[in-house]
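Here the structure is laid out as structure tokens; the discussion comes afterwards.
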Amino acid sequence: MRGSTIAAFAFGFVAGMAALAGVLWFSGALRTPSRTQAQRVVAAVPHPPTPAAQPVTTPPVTAPPAQGEAERSAPESIPDHPIVPVQGVAASQLTDNFDDRRDGRRHDALDIPAPRGTPVVAAVEGNVVKLLHSKLGGTTVYQFDDSRTYCYYYAHLERYAASLAEGTLLRQGAVLGYVGSTGNAQANAPHLHFEVHKLGPEKKWWKGEPLDPLKLLGHGSE
Ligand SMILES: [Zn+2]
């Protein structure tokens with residue numbers, strides 16, 4: 001008699017668990033979509049639908065980030081370890097003016113003051129992709145690093161180094177020009193205006209995401 005009681009109990013237990021599992025299955029609690037399915041859902045519905053309870057006229061609770069914040073890049077370290085592109089100047093001497101407002105927009109560059117004629121050197125190794133004389137930048141050089149991931153821009157040059165041409169391969173530290181005040185720089189304040197851009201897939205010298213040069217130069221860590 002004792003054995004049949006245990007058997008009946010065991011049967012009841014198993015049957016109960018099976019029923020519970022069935023209920024949970026149909027209620028969806030045990031059905032976790034696979035990672036792939038979850039990704040497909042996300043990809044197919046980029047913007048979650050507005051909850052039905054929320055009035056259509058209600059503005060979004062979270063304001064979109066300001067334009068400047070959206071463009072700002074996280075500190076990034078460049079494997080080439082760029083050097084300060086003006087001879088005799090250390091990163092510790094420089095002031096970060098990347099976020100300064102200039103003519104109503106963010107500077108997006110590092111100004112490196114130096115006496116007129118001081119050699120300007122390549123921050124990294126790579127080819128000159130463009131030599132341009134522009135109204136704002138004056139005499140300028142655009143250089144890609146060897147991996148063509150970043151573009152380095154040197155502006156307000158007094159003049160180019162002799163024999164510099166588009167396509168020239170510059171070793172890191174090679175002289176490419178001299179500090180001046182061409183373009184919109186003040187004549188009594190010669191400096192190098194230096195920009196670093198992370199290039200997009202199209203690899204255009206005029207198109208990229210500005211990075212703060214001084215952070216790339218290891219300011220504060222030396
Ligand atoms: Zn500048």
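One-based numbering, in listed order, for ligands and for the atoms of each.
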task = Examine His156 together with Tyr178 and report whether their ring centres are nearer than 6.0 Å.
result =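 Here the rings of Tyr178 and His156 have centres that are no less than 6.0 Å from each other.
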request  = Assert yes or no for the condition that the ring centre distance of Tyr154 to Phe194 is strictly below 6.0 Å.
outcome  =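 Distance test on ring centres: under 6.0 Å, yes.
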query = Hey, are Arg171 and Glu125 close enough for a salt bridge, meaning a charged N less than 4.0 Å from a carboxylate O?
reply = yes
message = side chain to side chain contact (heavy atoms under 4.5 Å, CB included) for Val89 and Leu94? Distances and angles first, verdict last.
response = CA-CA 8 Å; Val89 177; Leu94 299 173; 3.8 Å; yes
message = So, of the N/O/S atoms that Asp111 has, which is the nearest one to the Zn ion (ligand 1)?
response = OD1
Heteroatom of His193 nearest to the Zn ion (ligand 1) (N, O or S, atom name) = ND1
ask   = Between the Zn ion (ligand 1) and His107, is there an N, O or S atom separated by less than 2.8 Å?
value =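 It does; at least one qualifying atom falls short of 2.8 Å.
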